[in-house]
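A quick write-up on the structure given underneath.
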Number of protein chains: 2
Amino acid sequence: MREVVLAARPQGEPKESDFELRETDAREPADGEVLVRNVFVSVDPYMRGRMTGVRTYVGPYDVGGSIDGGAVGRVIASRYEGLVEGDWVSSMLGWTEGGIAEGSRLRKLDPSIAPPSTALGVLGMPGFTAWIGLVEIADVQAGETIYVSGAAGAVGSVAVQIAKLKDLRVIGSAGSDEKAEWLRSLGAEAFNYREALPKEALADGIDVYFDNVGGAQLEAALSALRPFGRVVACGAISRYNDEHPEPGPRNLGFVVSKRLRIQGFIVTDHLERFGAFLREVGPWVAEGKLESRETVFEGIENVPTAFAGLFRGENTGKMLVRVGPD
Amino acid sequence: MREVVLAARPQGEPKESDFELRETDAREPADGEVLVRNVFVSVDPYMRGRMTGVRTYVGPYDVGGSIDGGAVGRVIASRYEGLVEGDWVSSMLGWTEGGIAEGSRLRKLDPSIAPPSTALGVLGMPGFTAWIGLVEIADVQAGETIYVSGAAGAVGSVAVQIAKLKDLRVIGSAGSDEKAEWLRSLGAEAFNYREALPKEALADGIDVYFDNVGGAQLEAALSALRPFGRVVACGAISRYNDEHPEPGPRNLGFVVSKRLRIQGFIVTDHLERFGAFLREVGPWVAEGKLESRETVFEGIENVPTAFAGLFRGENTGKMLVRVGPD
């Protein structure tokens, strides 16, 4: 089996030479362990922060070390009660073709309910992030207007759809006309931020801003927010590759004058709500009310390319890499 | 009687020529009205925003028009039940030697409990602002560490003292060694921001930042805040005279990674809590547990000078202008 390791800490945009492929030895699982063959591995924007070597809410990756993260695969051998050969599982095995995991840290997936890859997207951390941001952080209400940036991404596209299902007016921005068109097909008003000014798209005002992007989008949203508006600070992908931090928005004065609340969150603080999330969102996926798009690269050697593509907006919906057959 | 009117919208720092003195005719009160002679008028940072002509949470002042705001004075003639000649009252009559007010909009003061001028400071809107910020917005807890900028000002100095009374560790910044010394006498750790770096003063970390200043202080506080920290966005006096808005802090990324909450508020949204505020803070003032300093100018003609002085930090505690004898 092969895995991708961190060869160097990226400077600015991550590039191929920041990573290298390494052979790993598979061993037999010990008691309580499971040997898993990965089928899909996840590339996620937050992983960029872990490559800088600064400890934030989760430890940094080591140079020369493995890159753990979300993955979905199948059990090859199990010494954990409740998992047998052939079972689909989601894990944190990361950028590898497979490996040993503690059985207690795996989540068994039922492929009859939804395709297993959704455990890395709409029914995994990205979807859960969207749901927590809307329900717990913003406490969105029917009839409100929400603006979602990065709306065609893994988190944003779920936020858009959940907000629609909760009867909000939804405005989304994305980086191409095709993505904007997809967002319209999901019931959102949408614009291509490379062509249109958010100022105009948000001219009617908004109650909630779901921020995946930061930078200019945040500034525009602060101007557009109505009194008592909320900012769900979920991410700032426009900033993750900055070598030197850019200044923030010029209009933070609105926070006082419009009594705004800007609140950051990390989804892993809310894991006790994962069951409630699956109970609400799972049926929507099963009934086809919540669409899940994926952009899928092929082969473990292409994981770094897929990852770098996140920061150029090359994904529509969830970015995944298939590293093995079903 | 004389009043100060707005002669021109200030560009940058307010100057004398932006204001002019005008004679006003006093008339007899009609039914339900009261004629008041002002003793103290209040100058407050938020009034700068109302001079720009942009409607925010409160309407702008008109060029050529009166400047309403907090004032304390005595009843000269009353046709309102419950107020008689000689009573002390607080009003919104503003920058004038006196005038007619609706009796129902006046608050009768008891000078045996606290000096009437405290109704413009520690027992008025500034003190209430400090209390709401701590209790309702930050929900401060004993044992936490709070950083208060503008800590020797009307709001900040009350925030410092209430936080001490609620058993927080308090760090305050102010613009002179004398002010810092005063803050130390109140039980806070204190530094002169013109000489010391907030980075060092806040090196141990903080749980809450009470922001009266904005700008560099906010940036330093975001760096110093611990996970799940809160920013009480009360004001940004360092920014009120900006002709062109300055960029915001470079480290807003901490909002996500440290799960921070930045929340703005306007105290007039919370008036239903004013009674609760007086019940908690009034006794502290009466018992001498909460010190109230005032910087007092003399004469209606010096109101603009006192006002401009706010932005140069010329006040310690509440800035007032005495416009008549007790």
Side-chain angles (χ1 to χ4, degrees), chain A residues 45-46 48-50 52 54-58 129 132-133 136-137 211-216 218-219 222-223 225-240 242 244-270, chain B residues 45-46 48-50 52 54-58 129 132-133 136-137 211-216 218-219 222-223 225-240 242 244-270:
Chain A
Y46 84 92
R48 178 65 183 82
R50 299 184 65 185
T52 60
V54 179
R55 186 177 173 87
T56 57
Y57 57 93
V58 58
T129 300
I132 286 287
E136 298 278 311
I137 307 299
D211 190 12
N212 294 306
V213 168
L218 174 58
E219 186 163 288
L222 290 172
S223 289
L225 277 161
R226 299 179 181 135
F228 304 100
R230 294 92 81 199
V231 175
V232 180
C234 180
I237 197 169
S238 73
R239 303 269 69 91
Y240 291 169
D242 287 351
H244 303 287
E246 295 286 320
R250 290 174 186 271
N251 56 358
L252 276 179
F254 282 135
V255 172
V256 179
S257 63
K258 296 198 286 195
R259 304 86 146 171
L260 306 179
R261 187 181 78 212
I262 303 176
Q263 187 158 355
F265 75 107
I266 299 292
V267 74
T268 47
D269 294 328
H270 301 265
Chain B
Y46 83 92
R48 178 65 182 83
R50 300 183 66 185
T52 60
V54 179
R55 186 177 173 85
T56 56
Y57 57 93
V58 56
T129 300
I132 286 287
E136 299 276 313
I137 307 298
D211 190 13
N212 293 306
V213 167
L218 175 57
E219 187 164 287
L222 289 173
S223 290
L225 278 161
R226 298 180 181 135
F228 304 100
R230 296 90 81 197
V231 174
V232 180
C234 180
I237 197 169
S238 72
R239 304 268 68 93
Y240 291 169
D242 287 349
H244 303 287
E246 294 286 320
R250 291 173 185 270
N251 56 358
L252 276 179
F254 283 135
V255 172
V256 179
S257 63
K258 297 198 286 196
R259 305 84 146 173
L260 306 179
R261 187 181 78 212
I262 304 176
Q263 186 157 354
F265 74 107
I266 299 292
V267 72
T268 47
D269 294 329
H270 301 265

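- Of residues 246-256 of chain B, those residues lying under 4.5 Å from chain A by any heavy-atom pair are Glu246(B), Pro247(B), Gly248(B), Pro249(B), Arg250(B), Leu252(B), Val255(B), Val256(B).
- Nearest heavy-atom pair, Arg48(A) versus Thr52(A), reported as atom, atom and distance to 0.1 Å: NH1-CG2, 3.3 Å.
- For the atom pair CG (Asp269(B)) and CD1 (Ile132(B)), the distance works out to 9.5 Å, reported to the nearest 0.5 Å.
- Of the possible donor and acceptor atoms, one in the side chain of Arg259(A) sits under 3.5 Å from a partner among the backbone N and O of Ser257(A).
- Neither the backbone nor the side chain of Tyr46(A) comes within contact range of chain B; no heavy atoms are under 4.5 Å apart.
- For residues 231-238 of chain B, a heavy-atom distance under 4.5 Å to chain A picks out Ala233(B), Cys234(B), Gly235(B), given by residue number.
- With rounding to the nearest 0.5 angstrom, the CZ atom of Arg230(B) is 10.5 Å from the CG atom of Leu260(B).
- Neither the backbone nor the side chain of Ile137(A) comes within contact range of chain B; no heavy atoms are under 4.5 Å apart.
- The most heavy-atom pairs under 4.5 Å with chain A, out of Arg261(B), His244(B), Arg239(B), come from Arg261(B).
- Atom-to-atom distance recorded for Gln263(A):CD and Phe228(B):CZ is 10.0 Å, nearest 0.5 angstrom.
- Neither the backbone nor the side chain of Asp211(A) comes within contact range of chain B, judged by heavy atoms closer than 4.5 Å.
- Using a distance-only test at 3.5 Å, with no hydrogens or angles considered, a donor-acceptor pair links the side chain of Lys258(A) to the main chain of Ser223(A).
- Considering OG1 of Thr129(A) and NE2 of His270(A), their distance stands at 9.5 Å, rounded to 0.5 Å.
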